[in-house]
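Shown next, in structure tokens, is the structure this report addresses.
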Amino acid sequence: MTDTSEALSIVVIGAGQAGLSVGYHLQRQGLRPGTDFLIVDAGPHAGGAWQHRWESLRFGDAHALADLPGMADAAVTFAGAPSTVPASEVVSSRYGAYEQHFGLRVRRPANVRSVERAAGGALRVNFDDGTAVMARVVIGATGTWRSPRQPTTPGTEVFRGRQLTTPEFTSPAEFADLRVGVVGGGASALGFVRELAPHAAHLTWFTRAPVRFLPVDSQPAKEFGRESVRLQDEAARAGRPLPSIVSTTGMPMTAHLRRMRDAGLLERTPMFTRLVTDGAVMADGTFTALDAVLWALGFEADLGPFEPLGMRARDGVAVEAGHVLAVPGVFLAGYGPQASTISANRGARVIARDALRFLDDGQWPPVPPTPVRASGSGGADD
Ligand SMILES: Cc1cc2nc3c(=O)[nH]c(=O)nc-3n(C[C@H](O)[C@H](O)[C@H](O)COP(=O)(O)OP(=O)(O)OC[C@H]3O[C@@H](n4cnc5c(N)ncnc54)[C@H](O)[C@@H]3O)c2cc1C
């Protein structure tokens, strides 16, 4: 029986910073959105994961968000965006305008259930509604938002209070007058401690190990970004599960954190050993009463749709410069070393270039071009 599914050269799954950057670069290479390549997204609106972030997270609370490539041409840069407006609004409106300006024609809401190898070697992208699209290249840009790390501490099943992970958090007001435990040593956990402190009846910040705060002027703090990217890249190339950033590099002591320290909010409590019905039991047997536990344990790459191709975040996937070594035609944008806005942009250009090369010559892994250096040029690769 002939497969009558829609067929394109490339499908990009996800329209966050990674997917949109890839779309921009594919278009620059001469491919037509909606005809040669298709970007699909499960979310109802523009903005990627940012559309789902809680209302009290203001744009000024976000770390520096770099512009997507070409954002200045579309007159929607982040520079000067109001710091007191919810980050979800700022990012969604700008990404929406960006999609419009470049005519990226994102298809949404369209949730990809699975990606599988079809007869003849093409890739089949299956949607929740039963439809499918065939493509020679699939670029996963699905982010991490739908894959928060889950707690493994004993007792989660007996605790009678409220438990939630980062994506389930909607408002600090919901914790008014409750005894709350925030678990985690990363940026999200610290943000929750700051937001909940004025609302909760009592707040305890639990971490497994002390967080290493880096003085902003110190060499490790200056190299924080580069070091994080290096560690992520090393793990991705080796096919290991991606490491948690903060546990490996420490965290620069920003102005936000200094204010928290001065208010006494950075006093950690060592992680409890188990939850019981109404609280937590510590290693020394003492008890902390809790009404709610907010698990902010970080995220894993959301590779759910790629499981039929043997790709599982928990086991690690060998990825080099965005291409999945063991799966011809599949790229991951925004994965590992490409997770920050600035590195997503850079990675997207390489992925777009290599995807076209693969379509052209069928070689996997894609063969990088021979560098051509103009005399006197530093050959900078932005
Ligand atoms: C709480 C938090 C705060 C962060 N703050 C910052 C910050 O301040 N600055 C910074 O630079 N970085 C920050 N990051 C890191 C990173 O920039 C963001 O996570 C960013 O959203 C990642 O972009 P992305 O394009 O990779 O993924 P996302 O923004 O998550 O976009 C992925 C898209 O894929 C879609 N999708 C997923 N699965 C499917 C599917 N099966 N079918 C169809 N569509 C699918 C989703 O709907 C989503 O729109 C933060 C991360 C987190 C978790």
Side-chain angles (χ1 to χ4, degrees), residues 11-24 38-54 56-68 78 81 83 87-88 90-92 95-96 98-99 106-115 125-129 133 138-149 165-169 184 186-192 195 225 228-229 232 242 244-246 254 256 294 296-307 313 322 332-345 347-348 351:
V11 172
V12 181
I13 309 175
Q17 63 189 29
L20 292 181
S21 301
V22 168
Y24 171 89
L38 176 66
I39 307 180
V40 300
D41 195 284
H45 308 294
W50 288 95
Q51 71 190 281
H52 305 297
R53 286 189 185 142
W54 52 100
S56 54
L57 181 73
R58 304 289 142 153
F59 184 67
D61 299 329
H63 313 295
L65 269 184
D67 280 353
L68 302 183
F78 284 121
S83 61
S88 55
V90 171
V91 180
S92 292
Y95 283 10
Y98 181 88
E99 289 177 14
V106 176
R107 188 178 291 177
R108 63 164 61 89
N111 188 59
V112 174
R113 196 180 59 233
S114 61
V115 181
V125 179
N126 299 303
F127 294 89
D128 273 355
D129 66 1
V133 174
V138 173
I139 302 173
T142 48
T144 60
W145 187 246
R146 304 203 296 192
S147 296
R149 289 207 170 94
T165 56
T166 302
E168 293 164 311
F169 180 86
S188 300
L190 285 162
F192 290 138
E195 286 206 41
S228 313
V229 168
Q232 295 283 313
L242 299 174
S244 140
I245 304 277
V246 174
T254 58
H256 260 335
L294 179 42
L297 306 177
F299 292 82
E300 281 178 349
D302 179 1
L303 301 183
F306 294 94
E307 282 205 11
L332 293 180
Y335 181 81
Q338 298 184 7
S340 76
T341 358
I342 198 149
S343 39
N345 298 347
I351 288 176

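Each ligand, and each atom within it, is numbered from 1 in the order the structure gives. Everything quoted here is computed from the prediction, not taken from an experiment.
- With respect to atom 48 (C) of ligand 1, the closest heavy atom belonging to the protein is D41 OD2, 3.5 Å.
- Between the CD atom of E300 and the OG1 atom of T144 there is a distance of 10.0 Å, given to the nearest 0.5 Å.
- Atom CG of L57 and atom CH2 of W50 lie 6.0 Å apart (nearest 0.5 Å).
- In terms of protein heavy-atom proximity, atom 1 (C) of ligand 1 is closest to S188 OG, 3.6 Å.
- Those atoms of ligand 1 that come under 4.0 Å of a heavy atom in G43, given as number and element, are 47 (O).
- For the pair Q338 and L332, the tightest heavy-atom approach, listed with the atom from each and the gap, is OE1-O, 4.0 Å.
- For the ligand labelled ligand 1, residue A187 lies outside the 4.0 Å heavy-atom shell.
- To the nearest 0.5 angstrom, Y24 atom OH is 13.5 Å from I39 atom CD1.
- By the definition of a contact as any protein heavy atom under 4.0 Å away, atom 14 (N) of ligand 1 is not in contact.
- Residues L242 and F299 form no side-chain contact, since every pair of their non-hydrogen atoms from C-beta on lies 4.5 Å or further apart.
- Scanning the protein for heavy atoms near atom 11 (O) of ligand 1, the closest one is T341 OG1, 2.9 Å.
- Contact annotation: for I13 versus ligand 1, heavy atoms closer than 4.0 Å belong to the side chain alone.
- Of all protein heavy atoms, the one lying nearest to atom 42 (N) of ligand 1 is V112 N, 2.8 Å.
- When only interatomic distances are considered, the shortest N/O to N/O separation between G19 and ligand 1 does not fall below 3.5 Å.
- Residue A62 has at least one heavy-atom neighbour below 4.0 Å for each of these atoms of ligand 1: 8 (O).
- Regarding atom 10 (C) of ligand 1, its nearest protein heavy-atom neighbour is L65 CD2, 3.6 Å.
- Residue, atom and distance of the protein heavy atom nearest to atom 16 (C) of ligand 1 are A339 O, 3.5 Å.
- Here the protein heavy atom with the shortest distance to atom 27 (O) of ligand 1 is G143 CA, 3.3 Å.
- Taking only non-hydrogen atoms, the option from A348, G14, G48, A141 nearest to atom 32 (C) of ligand 1 is A141.
- Among all heavy-atom pairs drawn from A301 and A313, the shortest one is O-CB, 3.4 Å.
- Residues V11 and V112 form no side-chain contact, since every pair of their non-hydrogen atoms from C-beta on lies 4.5 Å or further apart.
- The structure places OH of Y335 at 6.0 Å from CG of L303, a figure rounded to the nearest 0.5 Å.
- Within the 4.5 Å cutoff, no side-chain heavy atoms of W145 are placed close to those of D302.
- Contact record, E195 with S56: OE1-OG, 2.5 Å, taken as the closest heavy-atom pair.
- For atom 38 (N) of ligand 1, the nearest non-hydrogen atom from the set R53, Q17, R146 belongs to R146.
- At the top of the distance list for atom 6 (C) of ligand 1, counting protein heavy atoms only, stands W50 CZ2, 3.5 Å.
- R53 contributes atom CZ, which lies 13.5 Å from atom CZ of F169 (distance to the nearest 0.5 angstrom).
- Checked against a 3.5 angstrom limit, the closest N/O atoms of Q51 and ligand 1 fall outside it.
- At a 4.0 Å heavy-atom cut-off, ligand 1 does not touch A344 at all.
- The distance criterion of under 3.5 Å between nitrogen or oxygen atoms is met by A42 with respect to ligand 1.
- If you look at A18 next to ligand 1, the close heavy atoms, those under 4.0 Å, come from the backbone and the side chain alike.
- Residues E168 and T165 are in side-chain contact: their nearest non-hydrogen atoms beyond the backbone lie under 4.5 Å apart.
- Atoms CD and OH, on Q17 and Y98 in that order, are 11.0 Å from each other to the nearest 0.5 Å.
- Under 4.0 Å from ligand 1, the heavy atoms of P305 that appear belong solely to its side chain.
- Distances between N or O atoms of A49 and those of ligand 1 include at least one value under 3.5 Å.
- Pairing each heavy atom of Y95 with each of G47, the nearest pair is CD2-CA, 3.8 Å.
- The backbone of A110, and not its side chain, has at least one atom closer than 4.0 Å to an atom of ligand 1 (non-hydrogen atoms only; backbone = N, CA, C, O).
- Not a single N or O atom of F299, backbone or side chain, sits closer than 3.5 Å to an N or O atom of ligand 1.
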